[in-house]
*Asks:* 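Just passing along the structure, written as structure tokens.
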Amino acid sequence: MRVLSADWVLPVEGAPIENGAVAIEDGRIAAVGTIDDLGAGDHFAEAAIVPGIVNAHSHLEYAVYAGFGDGLSFAPWLATHIERKARIDRPEMEAIARLGAAQCLASGITTVGDAAFTGASAHACAELGLRAIVYLEVFGRDPAEAMRQFEEKTAYVTPAVSDRVRIGVSPHAPYTCSTEVYAACLALEVPVMTHFNESQDELDWLIAGEGPMKPVEALLVDPDGQSGIRRLAAAGLLDPRIVAAHCVKVDSEEIGMLARHDVAVVHCPRSNGLLGCGVAPLAELRDAGLRVGIGTDGVSSVPSHDAFEELRTAISAARARSERADALSPTEALELATLGGARALGLEADIGSLVPGKRADLAILALSGSPYLPWEDPAAAVVYGGAAERVLATLVDGEARYERGGFEWHELIDAAAAARGGMLALPAATATSQP
């Protein structure tokens with residue numbers, strides 16, 4: 001048995017524990033208590049131990065896409081990424097995904113719900129020890145073709161599958177996948193992730209066949225006068241297995257539809273803000289009883305995988321939208337990023353909080369030198385004072401997968417940078433048939 005201790009332990013399910021300790025045995029949490037109860041073991045002064053962050057919506061294969069199309073509205077931004085992604089192959093995608101997985105671990109993230117264009121992130125997560133559900137993306141109108149895509153990608157990722165790395169399917173979005181494709185994906189009986197109501201551009205196309213998406217209409221499904229949420233609800237295809245990223249442009253009726261069918265939602269505030277899509281109605285989603293987690297989305301739309309930046313943005317966006325300083329507290333934000341994300345992904349029995357019997361997925365965060373010491377509110381110190389560079393260690397199944405100063409990943413970083421260079425240097429390619 002190994003014991004870790006710090007100034008504070010934040011179990012999430014339970015009050016913060018001053019001078020707290022966590023005992024780990026066989027990859028699981030054996031006990032949580034005070035240093036007096038469990039001993040000091042390996043002690044981290046001026047630090048806090050928190051559950052591993054659950055990044056409930058990511059695109060690790062896009063970890064070096066930063067800045068591509070910045071300042072463009074959603075549809076032309078998407079077209080830029082389609083074009084540049086067509087310039088690289090699977091080995092480059094693997095190199096990029098390894099960097100994305102490493103960046104997550106360095107930010108205290110222990111689990112990702114990753115929407116994967118190729119499936120390269122499954123191999124990256126298996127190699128670096130990051131827990132993951134990797135949702136293999138499929139596209140198109142024809143369900144048989146979508147299932148062919150899924151089968152081909154499944155064959156590629158199967159060697160990486162384990163208890164830690166699981167596979168799901170991602171019908172990309174209602175504007176790129178027909179109702180029949182969604183039905184085929186749900187028939188697979190695996191976890192499902194999609195993108196719902198992310199932007200006004202999306203709705204302009206689906207409802208009226210107009211707007212900035214029209215130049216790429218060959219890649220899109222035909223508009224039918226309603227949002228994707230309404231379309232799938234009418235078809236009886238909203239389901240508790242679905243994890244829906246974004247949900248920015250949703251009205252009260254659509255929130256009700258999601259809630260009645262227990263669809264989980266992942267809030268991605270930095271991505272939604274930087275793409276000019278808006279601010280998701282987080283308070284309304286939570287008040288409706290939806291399972292809500294937080295995700296960084298891809299570095300295609302945000303600057304980093306820094307989970308703490310995402311939490312601070314979630315708080316500021318919620319408070320600005322409601323014009324209330326109590327709209328979202330640091331304690332609530334931390335829960336969304338841990339237990340909330342675990343619930344959204346259906347993993348709350350094993351991860352998301354520091355509770356005996358759960359997997360020993362946790363992060364140790366140093367607050368020394370920050371303006372939040374001496375301690376007042378440990379959750380506020382972690383959320384407002386936290387940053388990737390303050391993460392001392394990240395453990396998955398009780399095993400250190402990142403330690404500050406011990407994991408530098410030089411070759412990994414160089415390989416990913418070379419892949420980015422390939423996207424920037426090669427002549428423009430014709431857009432592929434898939435976003």
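In this text, all values refer to a predicted model and were calculated from it rather than measured experimentally. Just the heavy atoms: all of them, side chains too, but no hydrogens, waters or symmetry mates, feed the values below.
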*Asks:* Output, in order, the C-alpha distance, side-chain angles, deciding distance and verdict of side-chain contact (heavy atoms from CB on, under 4.5 Å) for Met257 and Leu238.
*Replies:* CA-CA 8 Å; Met257 292 174 185; Leu238 293 181; 4.0 Å; yes

*Asks:* For His57, which residues count as a ring-ring contact (aromatic ring centres under 6.0 Å, His included) partner, sequence neighbours excluded?
*Replies:*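 In terms of ring-ring contact (aromatic ring centres under 6.0 Å, His included), with neighbours along the sequence ignored, His57 is linked to His59, His195, His246.
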
*Asks:* Between Glu335 and Arg343, does any side-chain N to carboxylate O distance fall below 4.0 Å?
*Replies:* yes

*Asks:* Glu151: what forms a salt bridge (charged side-chain N to carboxylate O under 4.0 Å, His left out) with it, not counting sequence neighbours?
*Replies:*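 Result, salt bridge (charged side-chain N to carboxylate O under 4.0 Å, His left out) vs Glu151: none returned.
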
*Asks:* Considering residues at least two apart in sequence or located in another chain, which fulfil the ring-ring contact (aromatic ring centres under 6.0 Å, His included) criterion with Tyr65?
*Replies:* Tyr62, Phe68, His81

*Asks:* With sequence neighbours left out, what residues match Glu127 under salt bridge (charged side-chain N to carboxylate O under 4.0 Å, His left out)?
*Replies:*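 Glu127: salt bridge (charged side-chain N to carboxylate O under 4.0 Å, His left out) contacts with Arg98.
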
*Asks:* Between CG of Asp224 and CD1 of Ile207, what distance do you get to the nearest 0.5 Å?
*Replies:*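 Rounded to the nearest 0.5 Å, the CG-CD1 separation comes to 9.5 Å.
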
*Asks:* Please round to the nearest 0.5 Å and tell me the distance separating atom CG of Asp204 and atom NZ of Lys214.
*Replies:* 12.0 Å

*Asks:* Determine whether Val248 and Val279 make a side-chain contact, defined as any pair of heavy atoms from C-beta on separated by less than 4.5 Å.
*Replies:*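 No, side chains not in contact.
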
*Asks:* Kindly write out the residues that satisfy salt bridge (charged side-chain N to carboxylate O under 4.0 Å, His left out) with Glu253, not counting sequence neighbours, or none if the list is empty.
*Replies:*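 Checked Glu253 against salt bridge (charged side-chain N to carboxylate O under 4.0 Å, His left out); matches are Arg230.
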
*Asks:* Flag the pair Val292 / Val266 as yes when at least one side-chain heavy-atom distance between them is below 4.5 Å, and no otherwise.
*Replies:*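 No. Closest side-chain heavy atoms not under 4.5 Å.
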
*Asks:* Name the residue from Asp251, Val250, Val263 that meets the side-chain contact (heavy atoms from CB on, under 4.5 Å) definition with Ile229.
*Replies:* Val250

*Asks:* Using the side chain to side chain contact (heavy atoms under 4.5 Å, CB included) criterion, which residues pair with Pro356? Sequence neighbours excluded.
*Replies:*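 Pro356 satisfies side chain to side chain contact (heavy atoms under 4.5 Å, CB included) with Val32 once adjacent residues are dropped.
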
*Asks:* Apply salt bridge (charged side-chain N to carboxylate O under 4.0 Å, His left out) to the pair Glu254 and Lys249, showing each step before the final yes or no.
*Replies:* CA-CA 9 Å; Glu254 289 169 323; Lys249 299 291 185 178; over 6 Å; no

*Asks:* Can you tell if the side chain of Trp8 reaches within under 4.5 Å of the side chain of Ile49, non-hydrogen atoms only?
*Replies:*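 Heavy-atom side-chain distance check fails, nothing below 4.5 Å.
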
*Asks:* Is any side-chain heavy atom of Thr110 less than 4.5 Å from a side-chain heavy atom of Leu362?
*Replies:*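 A side-chain contact under 4.5 Å is absent here.
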
*Asks:* Given side chain to side chain donor-acceptor pair (under 3.5 Å), test Arg270 with Ser304 step by step and report yes or no.
*Replies:* CA-CA 10 Å; Arg270 284 191 302 162; Ser304 71; 3.2 Å; yes

*Asks:* Once rounded to the nearest 0.5 Å, what's the spacing between atom SG of Cys277 and atom CG of Asn197?
*Replies:*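 One finds 11.0 Å between SG of Cys277 and CG of Asn197.
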
*Asks:* Check step by step if side-chain contact (heavy atoms from CB on, under 4.5 Å) holds for Val265 and Leu258.
*Replies:* CA-CA 9 Å; Val265 173; Leu258 296 174; 4.3 Å; yes

*Asks:* Check step by step if side-chain contact (heavy atoms from CB on, under 4.5 Å) holds for Leu219 and Thr176.
*Replies:* CA-CA 7 Å; Leu219 310 181; Thr176 55; 5.7 Å; no

*Asks:* As an exercise, state the distance from CZ of Phe74 to CG of Leu203, rounded to the nearest 0.5 Å.
*Replies:*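 CG of Leu203 is found 10.5 Å from CZ of Phe74.
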
*Asks:* Run the side-chain donor-acceptor check on residues 412-424: report pairs under 3.5 Å with partners two or more places apart or on a different chain.
*Replies:*
| from | atom 1 | to | atom 2 | distance (Å) |
| --- | --- | --- | --- | --- |
| Arg420 | NH1 | Val64 | O | 2.6 |
| Arg420 | NH1 | Ala66 | O | 3.0 |
| Arg420 | NH2 | Ala66 | O | 3.3 |

*Asks:* Would you sort out whether Ser5 and Leu38 count as a side-chain contact (heavy atoms from CB on, under 4.5 Å), showing the intermediate values?
*Replies:* CA-CA 9 Å; Ser5 67; Leu38 303 176; over 6 Å; no

*Asks:* Got a second to check how far Leu232's CG is from Ile242's CD1, nearest 0.5 Å?
*Replies:* 6.5 Å

*Asks:* Heavy-atom distance under 4.5 Å between the side chains of Trp205 and Leu220, does that happen here?
*Replies:* yes

*Asks:* Table please: side-chain donor-acceptor pairs of residues 345-355 below 3.5 Å, with sequence neighbours left out.
*Replies:*
| from | atom 1 | to | atom 2 | distance (Å) |
| --- | --- | --- | --- | --- |
| Asp350 | OD1 | Arg28 | NH1 | 3.4 |
| Ser353 | OG | Glu13 | OE1 | 2.6 |
| Ser353 | OG | Lys358 | NZ | 2.8 |

*Asks:* In residues 177-187, what donor-acceptor pairs under 3.5 Å come from side-chain atoms, sequence neighbours left out?
*Replies:*
| from | atom 1 | to | atom 2 | distance (Å) |
| --- | --- | --- | --- | --- |
| Ser178 | OG | Arg141 | O | 2.8 |
| Ser178 | OG | Glu180 | N | 3.4 |
| Ser178 | OG | Glu180 | OE1 | 3.4 |
| Ser178 | OG | Val181 | N | 3.2 |
| Thr179 | OG1 | Arg231 | NE | 2.9 |
| Tyr182 | OH | Thr194 | OG1 | 2.7 |

*Asks:* Verify, without hydrogens or angle tests, whether Asn55 (side chain) and Thr296 (backbone) share a donor-acceptor contact under 3.5 angstrom.
*Replies:* yes

*Asks:* Between atom OG1 of Thr394 and atom OH of Tyr402, what is the distance when rounded to the nearest 0.5 Å?
*Replies:*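 If I round to the nearest 0.5 Å, the distance is 7.5 Å.
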
*Asks:* Under the salt bridge (charged side-chain N to carboxylate O under 4.0 Å, His left out) rule, collect the residues that match up with Asp361, sequence neighbours excluded.
*Replies:* Arg131

*Asks:* Can Ser252 and Glu284 be counted as having a side-chain donor-acceptor contact under 3.5 angstrom?
*Replies:*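 Note: Ser252 and Glu284 side chains miss the donor-acceptor criterion.
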
*Asks:* Residues in ring-ring contact (aromatic ring centres under 6.0 Å, His included) with Phe150, at least two apart?
*Replies:*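 None.
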
*Asks:* So, are Glu152 and Arg90 salt-bridged, with charged N and O less than 4.0 Å apart?
*Replies:* yes

*Asks:* Quick test of your reading of the model: are Arg164 and Asp397 salt-bridged, counting only N-O distances below 4.0 Å?
*Replies:* yes

*Asks:* Does this structure show an ion pair linking Glu92 with Arg87, if we count only N-O contacts that are shorter than 4.0 Å?
*Replies:* no

*Asks:* Leu328 versus Arg286: any side-chain heavy-atom pair under 4.5 Å?
*Replies:* yes

*Asks:* Does anything in residues 274-311 form a ring pair (Phe, Tyr, Trp, His ring centres under 6.0 Å)? List the pairs, not counting sequence neighbours.
*Replies:* none

*Asks:* Decide yes or no for Thr118 and Leu136: does some side-chain heavy atom of the first lie under 4.5 Å from some side-chain heavy atom of the second?
*Replies:* no

*Asks:* Yes or no on salt bridge (charged side-chain N to carboxylate O under 4.0 Å, His left out) for Lys85 and Glu83, after CA distance, side-chain angles and deciding distance?
*Replies:* CA-CA 6 Å; Lys85 184 162 57 179; Glu83 179 187 44; over 6 Å; no

*Asks:* Within a strict 4.5 Å, meaning less than it, do heavy atoms of the Pro191 and Val243 side chains meet?
*Replies:*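 Counting from C-beta outward, Pro191 and Val243 never come under 4.5 Å.
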
